[in-house]
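Each remark here refers to the structure printed beneath this line.
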Amino acid sequence: MSAPAVSFEAVSKWFRPKGSLVHALSKVSLDVQPSEFVSLIGPSGCGKSTMLRLAGGLLEPDRGTVAVNSQTPAEARRQKRYGFVPQHPALLPWRTVRRNVSLLSDVNRRAGRGAMSDDEQLAMLDGIGLTPFLDSLPRELSGGLQQRVSIARAFALGAPVLMMDEPFSALDEITRADMRYLLLEVWERIGSTVLFVTHSIPEAVVLSDRVAVLSGRPGRITAVVDVPLGRPRHAEVEDSDDFHRVLAEVRAALRQGWSN
């Protein structure tokens, strides 16, 4: 088996806000394989976003190790081995859709790294319905369209690992549901590894190969639930018995993790 794309080994993390001590994560171990889609789900404050920041090299573990493509997160960051999609699109207001999407990839092509070509970017933008908006500024777009641009920008970087921190949380439920399947379409074509944070059980099940369930603080992984649903996935999967069975399994794991 190839090395994991992202690996947490017995990771613990504490924070010290205003002199107090907060135990955020406790002995977290998780391997995410190349091209796998894994969601992190758990109660607010359980350390899901902290795991992303540790994998992104924005934080250091107090105990244990984190690796991205067999490198330290700091090395992976320097080599642009991962992309990040935040809760809010964070687009540059003076750049058009086309130029926001190309920003990171332009920089990395100049540095000799494997970003998408202009033609590949245009094909991706067409596939997710952004062709009519290529020359629009962010203020001229709806929230859903802005988040499409944010996701396209991350994929355009060509990084083998993407980390997504509740990217659909600010969207209305109808747009959010559409965005799940749009994300799947792009991911299935490109094949990046995805580590995805969400509070939504249906969202985690729709998107993922596996769902890692965290307990309340300090965050511990109390269960990893396989999602044996076929791919590609479409909205009809949510009517299937298998979908509802996995929903129930994740929900039960959350309740169990909360009570422990």
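No donor-acceptor distance shorter than 3.5 angstrom exists from the side chain of E9 to the backbone of T65, with no hydrogens or angles considered. Side-chain N or O atoms of E166 include none that pairs as donor or acceptor with a backbone N or O of Q87 at under 3.5 Å.
Note on residues 24-66: pairs passing ring-ring contact (aromatic ring centres under 6.0 Å, His included), not counting sequence neighbours, are F37-W187, F37-F196. The salt bridge (charged side-chain N to carboxylate O under 4.0 Å, His left out) contacts involving residues 34-62 comprise K13-D62, E36-R210, where partners must be two or more places apart or lie in separate chains.
I41 places a side-chain heavy atom less than 4.5 Å from the side chain of L254. In this structure, the side chains of L214 and M51 come closer than 4.5 Å at one or more pairs of heavy atoms. At least one side-chain heavy atom of L30 sits less than 4.5 Å from a side-chain heavy atom of L40. Put simply, the side chain of Y82 does not reach to within 4.5 Å of the side chain of L52, judged on heavy atoms.
Of all heavy-atom pairs spanning T193 and P34, the tightest one is OG1-CA, 3.3 Å.
Going from atom OG of S215 over to atom CG of L25 covers 9.0 Å, rounded to the nearest 0.5 Å. Atom CZ in F84 sits 10.0 Å away from atom CG in L195 (nearest 0.5 Å). Taken from OG in S70 to CD in E75, the straight-line distance is 10.5 Å, to the nearest 0.5 Å.
A search for salt bridge (charged side-chain N to carboxylate O under 4.0 Å, His left out) contacts involving R180 returns E173, E203, not counting sequence neighbours. Remark: T175 pairs with D172 by the side-chain hydrogen bond (donor to acceptor under 3.5 Å, both in side chains) rule, at least two apart or across chains. Partners of E140 under the side-chain hydrogen bond (donor to acceptor under 3.5 Å, both in side chains) rule, at least two apart in sequence or in another chain, do not exist in this structure. Residues passing the side-chain contact (heavy atoms from CB on, under 4.5 Å) test with R98, sequence neighbours excluded: T96, L122, L134, D135.
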